[in-house]
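Numbering starts at 1 and runs along the sequence shown. No experiment lies behind these values; they were computed from the predicted model shown. All values below were derived from every heavy atom in this structure, side-chain atoms included, with hydrogens, water molecules and symmetry-related copies excluded.
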Amino acid sequence: MKDTGQLEQLIMLFGNGSQSSFANTIGIKQSTIATWLSRKNFAPERIKAALPQVDGNWLLTGEGNILLTGNDNGNNKTILSTQQNTNHGTQIIGENIENHTFNTEILKQQIASLQALLSEKERLINVLLNSQRRGQ
């Protein structure tokens with residue numbers, strides 16, 4: 001993949017802007033992310049395998065929504081697309097999956113991350129307030 005715009009957006013969404021956090025989320029080393037960014041080339045199939053809730057078309061083209069959405073008569077089902085490179089071009093493969101479970105897990109991860117960040121900020125505020133009180 002020759003464009004890292006999608007990768008940068010995924011780092012923001014799933015890693016809260018941290019390459020290391022994103023790398024942990026998808027099960028690879030941070031240095032791999034850094035290499036992908038510096039070479040402006042990444043492996044969408046590795047990201048898709050780790051984050052099936054990411055829209056395959058968006059991952060490949062940057063068009064559409066980042067996350068899969070849609071309903072099939074009230075059921076949260078959608079079609080995932082993955083890309084396989086062959087000597088004869090690109091073949092798109094679709095498969096039906098339950099989408100809400102993946103979205104729930106991502107939201108839980110994001111909530112936990114935000115709670116940890118909030119706790120750390122509250123701790124730092126208390127340290128600064130205590131330091132200021134001692135200095136007066």
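- Note: Ile66 CD1 to Gln9 CD = 4.5 Å, rounded to the nearest 0.5 Å.
- Between the side chains of Asn126 and Arg123, no donor-acceptor pair of N or O atoms lies under 3.5 Å.
- Considering CD1 of Ile125 and CG of Asn130, their distance stands at 12.0 Å, rounded to 0.5 Å.
- When every heavy atom of Ile33 is checked against every heavy atom of Ala23, the shortest pair comes out as CG1-CB, 3.8 Å.
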Might you work through the side-chain contact (heavy atoms from CB on, under 4.5 Å) test for Leu10 and Ile26, ending with a clear yes or no? CA-CA 11 Å; Leu10 290 171; Ile26 65 170; over 6 Å; no
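- Atom CG of residue Leu67 and atom CD1 of residue Ile106 lie 8.0 Å apart, to the nearest 0.5 angstrom.
- For the atom pair Thr25 OG1 and Ile47 CD1, the distance stands at 11.5 Å (nearest 0.5 Å).
- Lys48 approaches Leu68 most closely through the heavy-atom pair NZ-CD1, 4.2 Å.
- Expressed to the nearest 0.5 Å, how far NZ of Lys29 lies from CD of Gln19 amounts to 15.5 Å.
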With a 3.5 Å cut-off and sequence neighbours excluded, list the donor-acceptor pairs that the side chains of residues 109-118 form with protein atoms.
from	atom 1	to	atom 2	distance (Å)
Gln110	NE2	Leu13	O	3.0
Ser113	OG	Asn16	ND2	2.5

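- A distance of 7.5 Å separates OG1 of Thr4 from CZ of Phe42, quoted to the nearest 0.5 Å.
- When every heavy atom of Ala49 is checked against every heavy atom of Pro52, the shortest pair comes out as O-CD, 4.0 Å.
- At least one side-chain heavy atom of Gln53 sits less than 4.5 Å from a side-chain heavy atom of Phe14.
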